[in-house]
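For reference, the structure is listed below as structure tokens.
Both ligands and their constituent atoms are indexed starting at 1 by order of listing.
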Amino acid sequence: MGLVTTKGMFKRAYDGGYAIGAFNVNNMEVIQGVVEALAMGNAPGILQISKGARQYAGMTYLRKLVEAALEEHKELELAVHLDHGPDFELCKACVDDPIFTSVMIDASALPLEENIRITKQVVDYAHAAGKVVEAELGRLGGIEEHVQVSEKEAFLTDPDEAEIFVERTKVDSLAVAIGTSHGAYKFKGEPVLALDLVEELTRRLKGFPLVMHGSSSVPQELVELCNKYGGQLPNARGVPEEMISKAVKMGICKVNIDTDIRLAITAKLREFFATQPSVFDYRKYLAPARDAVRNMVLHKLDVLGCKGKAVT
Ligand code: G3H
Ligand code: 13P
Ligand code: ZN
């Protein structure tokens with residue numbers, strides 16, 4: 001199959017009640033780990049590249065690495081997506097880049113009308129080039145149990161606004177704020193997601209793909225391994241896998257994962273350096289770190305239910 005937009009994979013995911021994993025990549029080992037897992041699991045998938053990834057590795061390297069992955073794994077059904085595009089200019093640059101099939105414009109911090117205007121500008125440009133667009137509405141942030149309903153509603157995605165937003169922008173998918181947040185510290189107390197809101201959004205936007213950012217589960221065994229070998233990640237907490245599965249069954253089609261990749265690598269490296277202090281051949285620790293990424297992603301594919309769903 002090769003490089004595709006997310007259109008077909010989202011439609012099949014929505015109809016089939018499963019979700020597509022979108023994994024942030026910054027270097028060769030992570031790209032290899034993710035695509036190996038997708039190939040082994042015969043799963044469609046998304047590699048996502050942030051502005052920070054572009055700055056870190058440089059787009060020339062990232063483009064060639066993704067091309068290499070596609071050449072090595074001809075069977076992959078893979079989309080390449082700009083994560084959190086901050087403005088029209090960067091989205092345009094990625095639409096113009098043949099390796100990207102999808103871009104996200106994140107104007108969620110702006111007032112609704114501004115978000116609609118910029119998103120529509122990106123959608124018009126991307127659609128003319130045969131590419132797809134994700135936008136965001138609402139503000140990501142953990143819902144604490146003690147927070148008043150009115151305060152929660154201040155940042156969760158408003159279903160009325162979501163209907164207007166999708167209708168006016170003609171965007172292809174929408175990242176919604178349902179109580180998740182980026183990083184390793186998602187909840188101060190018990191994890192809570194506004195699953196009733198996901199249900200409501202799915203009811204109002206029938207057949208439309210919803211995206212969940214901040215979806216890392218922050219596995220406690222990885223946090224413990226980091227902390228055992230000198231890390232300082234006190235009270236790191238993510239979205240429990242059962243909640244991810246529930247949200248997926250309710251209409252979430254794309255699930256974004258970055259933090260769990262970072263944790264898998266960091267835990268492996270910390271353990272390695274502490275237990276094998278005399279080794280300095282970097283291949284000796286980057287190879288197991290890459291394997292840890294692959295194994296973690298393989299597990300995610302089970303949670304999302306997308307194994308065996310690639311069109312090859
Ligand atoms: O949502 C943000 C992603 O985790 C990317 O993070 O901007 O540090 O590359 P980054
Ligand atoms: P995590 O920080 O939970 O991995 O979320 C990543 C993300 O949403 C990237 O856009
Ligand atoms: Zn995000």
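- A salt bridge is defined here as a Lys NZ or Arg NE, NH1 or NH2 lying under 4.0 Å from an Asp or Glu carboxylate O, and D124 with K170 fails to meet this definition.
- With respect to the salt-bridge test (charged N to carboxylate O, under 4.0 angstrom), the residues K228 and E271 do not qualify.
- Shown here is E71, whose CD atom has no more than 12 heavy atoms of other residues, nucleotides or ligands within 6.0 Å.
- Side-chain contact annotation: H73 with E36, donor-acceptor N/O pair under 3.5 Å absent.
- Using a 4.0 Å heavy-atom criterion, the residues that approach ligand 2 are N24, Q48, D83, H84, H182, G183, K186, H213, G214, S215, S216, N256, I257, D258, T259.
- Neighbouring protein atoms of the Zn ion (ligand 3) (N, O or S, distance under 2.8 Å, waters ignored): H84 NE2, H182 NE2, H213 ND1.
- A salt bridge does not link R63 with E67: none of the charged nitrogens is closer than 4.0 Å to a carboxylate oxygen.
- A salt bridge links R168 to E113: at least one charged side-chain nitrogen sits closer than 4.0 Å to a carboxylate oxygen.
- Heavy atoms of other residues, nucleotides or ligands lying less than 6.0 angstrom from NZ of K131 number more than 12.
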Table of N or O contacts for ligand 1, cutoff 3.5 Å:
| unit_1 | atom_1 | unit_2 | atom_2 | d |
| --- | --- | --- | --- | --- |
| ligand 1 | 1 (O) | H84 | NE2 | 3.3 |
| ligand 1 | 1 (O) | H182 | NE2 | 3.0 |
| ligand 1 | 4 (O) | D258 | OD2 | 2.6 |
| ligand 1 | 6 (O) | R262 | NH2 | 3.2 |
| ligand 1 | 8 (O) | R262 | NH2 | 3.1 |
| ligand 1 | 9 (O) | S50 | OG | 2.6 |

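- Screening residues 16-32 for side-chain hydrogen bond (donor to acceptor under 3.5 Å, both in side chains) gives N24-Q48, N24-D83, Q32-R290 as the qualifying pairs, with residues at least two apart or on separate chains.
- Between F273 and Y229, the gap from one ring centroid to the other reaches at least 6.0 Å.
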With salt bridge (Lys or Arg N to Asp or Glu O under 4.0 Å) as the criterion, how do K92 and E89 come out once you've worked through the C-alpha distance, each side chain's angles and the decisive distance to 0.1 Å? CA-CA 5 Å; K92 178 180 181 301; E89 286 66 32; over 6 Å; no
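- One finds no salt bridge joining R12 and D15 here, because no Lys/Arg side-chain nitrogen approaches an Asp/Glu carboxylate oxygen to under 4.0 Å.
- For the 3.5 Å distance criterion, the side chains of H127 and D172 qualify, holding a donor opposite an acceptor.
- Looking at D258, T266, T259 one by one, the single match for side chain to side chain donor-acceptor pair (under 3.5 Å) with R262 turns out to be D258.
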